[in-house]
> 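Below you'll find the structure I mean.
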There are 2 protein chains.
Amino acid sequence: MADGRTGSGFSGDSLLFLTDEQLRQGIEAMFFAYRGFTADPDRILAELAYGRAHHRAIHFINRAPGTTVNNLLAILGVTKQSLNRVLRTLIADGLVESRVGKADKRERHLFLTEAGRELESKLSDAQRARMRAAYKEAGPEAVTGFRQVLEAMMDVDMRRAHSKLRDGTS
Amino acid sequence: MADGRTGSGFSGDSLLFLTDEQLRQGIEAMFFAYRGFTADPDRILAELAYGRAHHRAIHFINRAPGTTVNNLLAILGVTKQSLNRVLRTLIADGLVESRVGKADKRERHLFLTEAGRELESKLSDAQRARMRAAYKEAGPEAVTGFRQVLEAMMDVDMRRAHSKLRDGTS
DNA sequence: AGTTTAAGTCAGCCTTGTTGACATTCCAAG
DNA sequence: CTTGGAATGTCAACAAGGCTGACTTAAACT
């Protein structure tokens with residue numbers, strides 16, 4: 001919007017409308033939107049004395065059941081000490097189960113317990129509800145664009161991790 | 001991509017394609033993209049022993065020079081104690097200047113110093129470069145959709161704050 | 001047998017959120 | 001004019017969750 005700068009000659013002209021000011025607005029929108037994005041789960045987690053770190057672990061274990069600790073580490077992008085602290089409380093609280101690997105006994109495979117799945121649903125429902133509402137408000141075309149920009153904003157390795165999760169729940 | 005579901009007749013049917021699975025993908029995309037979004041500034045900040053909190057403060061002070069602490073508080077959504085700690089170091093390091101209000105001496109008005117503006121540029125340049133690249137890769141139509149969804153995902157008060165920043169730098 | 005890999009632990013640090021207590025300033029009601 | 005409450009900002013102390021580094025245990029590879 002704003003300056004409708006149409007029909008310039010060259011093909012690189014999709015760049016012309018990207019003023020620094022508009023990029024800044026995109027940056028701020030990302031900041032504010034991310035807050036909204038995490039707000040609902042945060043409220044639920046606060047009651048349980050958990051944090052976002054627990055949410056992330058639960059989310060990805062649910063997404064890829066049986067994943068190993070190392071695998072999770074790569075996805076979450078934290079150190080194993082940091083993850084371990086969170087994982088330990090989740091296992092102690094009976095939300096996550098850790099099974100020794102059959103093929104490779106060094107590995108631990110992670111699963112959600114029934115209670116874990118319950119909390120996952122609760123968190124996920126809240127977050128999806130907001131997502132759904134936003135998608136609905138913006139319309140289907142906007143959603144496609146949204147996903148394209150997000151995808152392009154990731155680091156390459158994350159893009160791989162993301163499409164791996166998308167396709168096969170190996 | 002995937003299912004190109006074009007030219008539907010009515011507007012309400014935009015809901016049909018929002019399976020839980022697709023919402024989940026959106027959620028994950030948001031998570032991974034936010035990491036990319038902050039990655040470049042984070043690297044710069046790490047060298048200076050600053051964190052994201054410093055970046056946010058610098059960003060919004062630059063955006064609305066002369067803003068009060070209270071104002072900034074509302075935008076950043078943290079407690080004043082938390083902000084104060086960050087602000088103190090920025091002032092001590094000569095990046096931010098705090099002037100006592102003329103009308104109301106309780107208020108402090110915040111400005112970036114020359115050094116502050118310099119760091120702001122450096123951080124902003126990095127972040128904008130990634131944003132610009134993502135926008136370019138996704139195309140102008142996608143950008144519009146991206147912004148629409150983000151806007152719809154914010155809490156209402158943040159939407160107000162955002163458009164206030166967009167329009168007048170009061 | 002020796003090396004590498006997966007996982008876990010302990011200790012200690014930093015950033016950045018929180019609450020609680022407190023000083024200063026302003027303003028309005030008595 | 002004074003006084004008490006509200007607003008603004010500061011200081012202190014604590015917790016979550018990142019980080020690094022050093023180390024152990026067990027299993028797998030070579």
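Heavy-atom basis, side chains included; hydrogens, waters and symmetry copies ignored.
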> Output a table of nitrogen or oxygen pairs between the protein and nucleotides 7-10 of chain D separated by less than 3.5 Å.
from	atom 1	to	atom 2	distance (Å)
D:dA7	N3	B:R106	NH1	3.4
D:dT8	OP1	B:N70	ND2	3.4
D:dT8	OP2	B:N70	ND2	2.4
D:dT8	O5'	B:N70	ND2	3.3
D:dT8	O3'	B:R106	O	3.4
D:dG9	OP1	B:V69	N	3.4
D:dG9	OP1	B:R108	N	2.9
D:dG9	OP2	B:N70	N	2.9
D:dG9	N7	B:K80	NZ	2.5
D:dG9	O6	B:K80	NZ	2.8
D:dT10	OP2	B:N84	ND2	2.2

> Test of understanding: with ring-ring contact (aromatic ring centres under 6.0 Å, His included), list the residues that count as partners of B:Y50, not counting sequence neighbours.
B:H54
> Inspect the contact between B:R35 and A:D155 and indicate whether a charged nitrogen and a carboxylate oxygen are less than 4.0 angstrom apart.
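Salt bridge absent between A:D155 and B:R35.
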> Hey, are B:R43 and B:D40 close enough for a salt bridge, meaning a charged N less than 4.0 Å from a carboxylate O?
yes
> List in chain and number order the residues that pass side chain to side chain contact (heavy atoms under 4.5 Å, CB included) with B:R99, two or more places apart in sequence or in another chain; answer none if no residue qualifies.
B:E97, B:F111
> Under 4.0 Å from any heavy atom of chain A: name the first and the last nucleotide of DNA chain C that qualifies, 5' to 3'.
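First-to-last contact on DNA chain C, by the 4.0 Å heavy-atom rule, is C:dT5 to C:dC10.
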> Can you name the ring-ring contact (aromatic ring centres under 6.0 Å, His included) partners of B:F31, sequence neighbours left out?
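Per chain and number, B:F31 pairs via ring-ring contact (aromatic ring centres under 6.0 Å, His included) with A:F60.
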> Tell me, which of residues 31-57 of chain A have any heavy atom that sits under 4.0 Å from an atom in DNA chain C?
none
> When you check the gap from the basic side-chain N to the acidic O, do B:D125 and B:R128 get nearer than 4.0 Å?
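Salt bridge between B:D125 and B:R128, a charged N being under 4.0 Å from a carboxylate O: yes.
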> Can a donor-acceptor pair be found between the side chains of B:T19 and B:Q22 at a distance below 3.5 Å?
yes
> With under 30° as parallel and over 60° as perpendicular, where do the rings of B:F37 and B:Y34 fit, or are they tilted in between?
tilted
> Quick one: label B:G77 by what it contacts on the DNA or RNA (base, sugar-phosphate, nothing), any heavy atom closer than 4.0 Å.
nothing
> Taking the nucleotide of DNA chain D with the nearest heavy atom to each, does A:R85 or A:K102 sit closer to the 5' end?
A:R85
> Determine the sole option in B:R63, B:R159, B:R166 for which the salt bridge (charged side-chain N to carboxylate O under 4.0 Å, His left out) test with A:E28 is passed.
B:R63
> Is there a donor in the side chain of A:T38 and an acceptor in the side chain of A:R52, or the other way round, less than 3.5 Å apart?
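Checked: A:T38/A:R52 side chains pair up, N/O donor to acceptor below 3.5 Å.
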